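From a predicted model like this one, the values you see are computed outputs, not experimental measurements. FYI, side chains are in, hydrogens and waters are out, and symmetry mates aren't considered; it's all heavy atoms of this structure.
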Amino acid sequence: MTTGTEWDVCVIGSGAGGGVMAERLSAAGMKVVVLERGRHYSPDAFLHQDELGNVIRQDFFLPDYRETQRETSADKALPGKYSLMAQTVGGGTVHWGSWSWRFRPDEFRVASTDGVVAGSSLVDWPIGYDELKPYYDLAEQTLGMSGLAGSNPFAAPGHNPYPNPAHVYRPASRLIEKGAQALDLHPFPIPMAINSRIYGGRGKCMNSGFCSSFGCPVQAKASSLAIHIPAALATGNCTLLANCQAVELVEGEGDRLRGVRYLDSEGREQLLRARQIVLSAGSIGTTQLLLQSTSSRFPRGLLNNNDQVGRNLMCHVFAMVNFEMEAPSLSALGPPGNVAVDDFHPSDSRRGFVRGGVIGEAIEATPIVSALKAGGYLRRDRRVWGRELSDYLSRYPHIGGLIMVGEDLPVADNRIDLDPDHRDSQGLPLPRITHQRHDNDIRLARYFEQRMGEIARAGGASKTWATDYTGVKTGSGHIMGTCRMGDDPETSVLNRWCRAHDISNLWVVDGSCFPTSGGYNPTLTIYANAYRVADHFVALNSKGELS
Amino acid sequence: MIGRRDFLGLSAANLAAAMGANPLALATAQQTPLPTVLKPDEWTALEALCGILLPPVNGVSTRDAGVANFIDKFLLHEGADQLPIYRRGLHLGNAYALTIGTPSWSALGEGEQVRWVEQLEDGALSGMAGPEQQVLFQSLWFNTLLGFLAAPSHGGNVNHAGWRAISFPGHLHMQGGITDDEVAGKPAE
Ligand SMILES: Cc1cc2nc3c(=O)[nH]c(=O)nc-3n(C[C@H](O)[C@H](O)[C@H](O)COP(=O)(O)OP(=O)(O)OC[C@H]3O[C@@H](n4cnc5c(N)ncnc54)[C@H](O)[C@@H]3O)c2cc1C
Ligand code: SF4
């Protein structure tokens, strides 16, 4: 069925990228429709979440989502839920941890900084830090960030003050701070998009622990659900269609799309017409939709004649060290983590790897996740049961943690494509994740494991132990790449404005445009980039250049 | 054999998929703490097994926390495809006890029980395929922890017994949250 309206803009996906685009374009007077495959929750629904549903089974935010995963193209991909990305209005920003950093200037110029690394597909971004800086400022204010500007000597320069003060340190944070200071490092409060006081019409954080992987019942945690989508709807120019899954981008005349075919909340097929289409379905959803949209002009999927769609999938590399302290750590309370150390961030190939990452106080304090890491504490893979397991669980109140978010290298063969063997309940092929870590990622993680153990011990921890997280792939939730932006249409999918090289009225604004992953959680950069693209979009529109 | 590392991966992916959403499971777990799929002898053996995998934590046992009930409801809904493996394994245990003159697995001495579980983990018991034993062990281990620590609505962690055992304060959002001073470790005024 075709609906009569021709919208100015159709935004597909309402997460970080889609939320900003919907808000800015509707605020500029364009008639915008947002298609979102997930449900539209009201915040009180988040009071009824629990660890089993949200973290282990993932049935709250991903009730019927599936994908397949394998290491290499020689392996058989197994179905499961691997990526943890919320399919809901607000996308991954609803259940994120909200750690929010600016990428450092060198993180936009990795190929120039570190040269060729065998087995990787490193490139520079087509944009630099200076171009993004005003939009970082804007995003930080809009999200109501808490932190202490200038407290991290290794951060990107020229930081404005954060709108809210940093969150308080718990005893585990103080141990980390003490350890870092003893080692002449520079600990500082993690910048978080969580209200440390009432701000922006949203509540103050209730310090209630169940935070990362959970929605926020008082909207203290910034999200597109709490900020951008309501602002878009308030303009009167935006219509939100929740529970509506886009299934095909439909080609029109010349190099243009005509509209989007989607399944409405009743599962009926509909066709929606729009002058401009903004694809913000996340690195996996965006790729899936492009590859599903085939035609005689694009037999391998839309924009994919150069075989670049889905490639260079990145998901960061993580390292994890827990520690035991004498006093109660209070790690189960508060927002996720509080203190960070960034001294090891700058790339230095003398360490045996390139690039770096940021160390933060770990956020995994929920009881089941903690229990599942008993093997690390007991330092063995088998016989992780009996009295020693009980003894480990009884230490829960004294356990704290450190986690490292590290820059992983892009690899061309790491990719999303469509699984020929597995389909979802609608009969659509499942997205297939093929991902094998570059050796550099592993070396980087091992180096940081050592440093984190040293910090905790210097702070007075009685015991430290590592859990190997290098096997975590898109389960990190940091899913980037797959539709690179770049100046060369042969080797990229989008231009520097996240506009498709091959289709003039298609824009891709989410984590998929990242050419490299940076050594920080990605979402503030997704937000800032979306503000940048939206400004450009509005400027072109007001000049009449978007027909 | 499934290593712990793989298991961490499994718990986040395949197991989660295998145990997908099922509102019916929640409803049944809330309705009845009595066995729904397990027979009395199976339930008793399961309770004893969970107690060996996870002996009391600060005096709170898996029986106090209703772990067997959690697993029973799991086997009724999300884990229905695992019920035959559980059944075979529990019967194997009871049959083993009989061969050494004990009426049931739960009546074995602790040392015997521990040795039996070690063999199950290694896939070395006779009477059941080795890999199947290991799947059962991993599932039992995982579900014992879930039954002890998952929210009570799922049928275990009765009256927050598991959370109290590890001093986890529970879902603080529902309790109105806590102050910055409390996070900082300063006593509330
Ligand atoms: C547990 C967890 C913790 C995290 N913590 C942090 C953190 O502390 N800091 C940080 O920077 N990042 C964090 N992240 C990552 C963050 O969530 C993502 O980087 C961010 O949400 C990505 O934004 P996006 O715009 O690319 O896509 P998303 O936010 O994933 O939005 C995509 C949206 O598109 C929708 N969609 C997909 N396909 C379709 C379709 N066919 N039709 C209609 N709609 C569709 C999806 O339902 C979704 O709502 C975390 C992630 C997880 C899972
Ligand atoms: S801990 Fe704070 S930010 Fe996190 S969900 Fe609770 S109230 Fe929201």
| message | Is B:Q113 close to chain A through its backbone or its side chain, or both, or neither, when contacts mean heavy atoms under 4.5 Å? | response | neither

| task | Name the region of B:E118, side chain, backbone, both or neither, that has any atom closer than 4.5 Å to a heavy atom of chain A. | result | both

| Can you find a side-chain donor-acceptor pair between B:D64 and B:S61 that sits under 3.5 Å? | yes

| message | Taking the ring centre of each residue, are A:F318 and A:H478 less than 6.0 Å apart? | response | yes

| query | With no hydrogens and no angle check, is any side-chain donor or acceptor of A:S390 less than 3.5 Å from a backbone partner on B:P55? | reply | yes

| query | By a 4.5 Å heavy-atom criterion (distance strictly below it), what part of A:L393 contacts chain B: side chain, backbone, both, or neither? | reply | both

| Centroid-centroid under 6.0 Å between B:H171 and A:F210 rings | yes

| request: Using non-hydrogen atoms and a 4.5 Å limit, figure out which bit of A:F46 sits close to chain B: side chain, backbone, both or neither. | output: backbone

| Check: B:F70 ring centre within less than 6.0 Å of B:F142 ring centre | no

| query | Side chain, backbone, both or neither: which part of A:K204 has a non-hydrogen atom closer than 4.5 Å to chain B? | reply | side chain

| note | Okay, B:V60 and chain A: the region with an atom under 4.5 Å from a heavy atom over there is neither

| said: At a 4.5 Å cut-off on heavy atoms, which part of A:Y169 comes close to chain B: side chain, backbone, both, or neither? | reply: backbone

| message | Can you tell me which portion of A:P217 sits under 4.5 Å from chain B's heavy atoms? Options are side chain, backbone, both or neither. | response | side chain

| How about A:H95 and A:F61: are their ring centroids closer than 6.0 Å? | yes

| So, for B:W105 and B:W116, is the gap between ring centers shorter than 6.0 Å? | yes

| Relative to chain A, which segment of B:P169 carries a heavy atom at a distance below 4.5 Å: side chain, backbone, both, or neither? | side chain

| query | Checking A:R395 against chain B: side chain, backbone, both or neither under 4.5 Å from a heavy atom? | reply | neither

| said: For a side-chain hydrogen bond (donor to acceptor under 3.5 Å, both in side chains) check, start with the C-alpha distance between B:E47 and B:T44, then their side-chain angles and the critical distance, and finish with the verdict. | reply: CA-CA 5 Å; B:E47 272 198 327; B:T44 313; 5.8 Å; no

| request: Sort out for me which of A:S394, A:G386, A:C216 touches chain B most, counting heavy-atom pairs under 4.5 Å. | output: A:G386

